[in-house]
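These notes are about the structure you will find just below.
Every value quoted in this text rests on a predicted model; they were computed, and no experiment measured them. Quick note: numbers below take in every heavy atom, side chains included, and nothing from hydrogens, waters or symmetry partners. Here is how names work: the chains are called A, B, and so on, in the same order as the sequence lines, proteins then strands, and each is numbered from 1.
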Amino acid sequence: MQIEVKNLSYTYSKKTPYEKQALRDISFTVNEGEFLGIVGATGSGKSTLIQHFNGLIKLQSGQLNVLDIDLAAKKVDYKALRRGIGMLFQYPEYQLFADTVLADVMFGPLNFGMSKEEAHSSAKEALILAGLDFDAVKDRSPLEISGGQKRRAAIAGVLSYNPKILILDEPTAGLDPSGKREMLNLISSLRKTSGKTVIMVSHNMDEIARYCERVIVLGESELLYDTTPAELFYNYDIATLGLDVPHVVKIVKKLRDKGIDLGTDIVTEEKLLERLTAFFGKERI
Amino acid sequence: MRDITFGQYYPRDSVVHRLDPRTKLLISLVYIVAVFLCRTYWAFLASFLFLVISILVSRIPVLSILKTVRAVLFILLITVIINLFFYGDGEPIFSWWKIKVTWEGARFASFMAMRLVFLVVGTSLVSLTTTPMSLTDGMESLMKPLKLVRFPVHDVAIIMSIALRFIPTLMDEINKIMMAQKARGADFDSGNLIKRVKALLPILIPLFVSTFRIADELALALDARCYNATPNRTKMKVLSFNARDILALLFSLAFLAVIILLRIGIIG
């Protein structure tokens with residue numbers, strides 16, 4: 001187990017009129033190599049939860065163990081913890097600051113104690129991995145490259161120190177459809193080639209359905225469901241939580257209402273197509 | 001960072017909260033003048049009583065008021081030390097090299113300290129009991145006479161309310177950027193002074209860029225809604241003085257009178 005959460009609760013602005021409970025008694029575990037999705041309406045505590053994992057928010061009550069580091073301990077080595085976790089915030093391009101893209105990507109490796117040469121080579125690797133043309137962008141200011149390139153540079157900034165766990169908060173927000181797809185394919189191929197654990201917070205249920213193996217649903221500060229996407233979208237009513245259903249699932253449900261039952265495990269377009277061809281025969285599609 | 005109380009509005013249902021913002025601004029003006037006129041312990045005692053009564057009536061927890069003093073603690077300390085050790089005049093209690101502590105100096109230092117604390121607590125009581133919106137409404141209304149000399153009262157008021165409105169937004173922004181850089185291993189709490197100042201660059205640069213982006217978006221939104229297309233804007237909430245406003249003003253004027261009488265030595 002890479003992450004173990006037990007009875008975690010968190011309250012903002014304790015003992016002031018703005019006091020607000022963000023998380024209540026949350027327990028779950030994340031295993032190595034998993035692709036976990038976290039969903040929930042705005043204000044359900046998703047961001048607060050993930051910010052616990054690398055110690056950006058200090059544990060108030062409950063137990064939390066990440067990469068064999070006990071966050072409830074009196075003294076926590078946050079640097080070691082953060083080195084193992086690559087956290088990408090919403091609109092990560094707003095955190096770029098250095099004179100050049102290369103210097104910005106080297107920021108993490110240098111902070112974590114790599115030498116200049118090591119940092120340079122791992123930054124180069126990360127930029128290429130993130131799909132950028134290294135020689136074209138390395139000396140440019142992060143403010144003058146395009147929006148999509150900025151996001152890639154920001155991702156390279158966390159990949160550069162080779163974290164074991166990637167935590168992504170709405171990684172596709174603000175991107176166009178093809179940008180979204182490219183981003184998610186990049187993440188999913190990273191996971192396949194390097195075996196990284198990926199935790200993704202998203203509002204887009206199509207993305208969750210397509211890429212995640214497991215989903216956690218937060219609502220009103222509590223953990224409501226911990227299940228697979230197919231199970232979640234077919235067996236639970238998530239519309240009342242203000243959550244959408246993937247388009248593929250909508251189509252399957254509509255077909256079922258018309259008397260065409262394709263099963264309740266279809267969450268990707270490919271699988272839908274496969275079932276449809278099996279049902280109707282190839283020539284009729 | 002999120003828990004910072006910058007004299008931030010503290011919602012409560014009290015007489016002070018319900019006072020017209022103009023009343024509160026006028027009273028704080030009277031209060032500031034009075035505190036600067038204080039020259040004796042009796043006068044400071046009177047100011048203290050006035051302050052305590054105001055706080056009790058406002059029903060704001062004393063602790064969150066005292067928190068505002070924390071912001072000026074450093075200035076307070078410097079003021080006290082300088083006045084205490086370098087005042088110079090009077091009978092020395094203790095002296096060493098150029099440092100001389102005198103009764104006069106101690107008295108003066110304590111007066112300066114009290115003045116500073118009273119000013120901070122008194123003025124933050126206004127911002128704790130008034131929403132930024134009604135505060136700027138009040139200021140705009142009080143500054144109206146300046147329109148006669150072509151002073152852009154409304155523009156100044158809107159600039160002020162935007163500035164106040166964006167304090168929490170920018171705090172949020174700082175918080176977000178800080179978290180992102182910390183996640184990448186940035187360290188803001190260790191090393192010597194130069195190292196720490198350097199460590200702030202990864203926060204300040206994105207903050208600077210974001211501020212311009214937000215300002216640009218806001219300007220666009222204002223334009224899109226035809227801001228300033230009509231010369232005379234009306235208000236949704238029209239300010240009005242009540243009996244309690246008059247009573248509060250009279251109370252503060254009475255307090256000022258006491259301070260003046262103490263100052264010219266008629267009483268005390």
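The number of heavy-atom neighbours closer than 6.0 Å to CG of B/L250, taken from other residues, nucleotides and ligands shown, is above 12. Counting heavy-atom neighbours within 6.0 Å of A/K124 NZ, excluding the residue itself, gives a total of 12 or less. Shown here is A/D25, whose CG atom has more than 12 heavy atoms of other residues, nucleotides or ligands within 6.0 Å. A 6.0 Å sphere centred on NZ of B/K176 holds no more than 12 heavy atoms belonging to other residues, nucleotides or ligands. Counting non-hydrogen atoms of other residues, nucleotides and ligands closer than 6.0 Å to CZ of B/F48 gives a total of 12 or fewer. Residue-environment remark: CD (A/Q21) exceeds the threshold of 12 foreign heavy atoms within 6.0 Å. Counting heavy-atom neighbours within 6.0 Å of A/K79 NZ, excluding the residue itself, gives a total above 12. More than 12 heavy atoms of other residues, nucleotides or ligands shown are found within 6.0 angstrom of CD on A/Q60.
Contacts with chain B (heavy atom to heavy atom, under 4.5 Å) involve these residues of residues 106-123 of chain A, listed by number: A/F107, A/G108, A/N111, A/F112. Against chain B, the residues from residues 87-101 of chain A that qualify, each with a non-hydrogen atom under 4.5 angstrom away, are A/M87, A/F89, A/Y94, A/Q95, A/L96, A/F97 in number order. Of residues 202-217 of chain B, those residues with a non-hydrogen atom less than 4.5 Å from any non-hydrogen atom of chain A are, in numerical order, B/P202, B/I205, B/P206, B/V209, B/S210, B/R213.
The existence of a salt bridge linking B/D187 and A/R82 is excluded, since no basic side-chain nitrogen approaches an acidic carboxylate oxygen closer than 4.0 Å.
With sequence neighbours left out, the salt bridge (Lys or Arg N to Asp or Glu O under 4.0 Å) criterion links A/K74 to no other residue.
For the atom pair CG (A/D169) and CE (B/M179), the distance works out to 11.0 Å, reported to the nearest 0.5 Å.
Per-residue counts of heavy-atom pairs under 4.5 Å with chain B were compared for A/D104, A/I57, A/I167; the largest is that of A/D104.
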(request) Begin with the C-alpha distance, continue with both residues' side-chain angles, and end with the deciding distance and a verdict on side-chain contact (heavy atoms from CB on, under 4.5 Å) for A/L56 and B/M178. (result) CA-CA 9 Å; A/L56 290 176; B/M178 254 180 119; over 6 Å; no
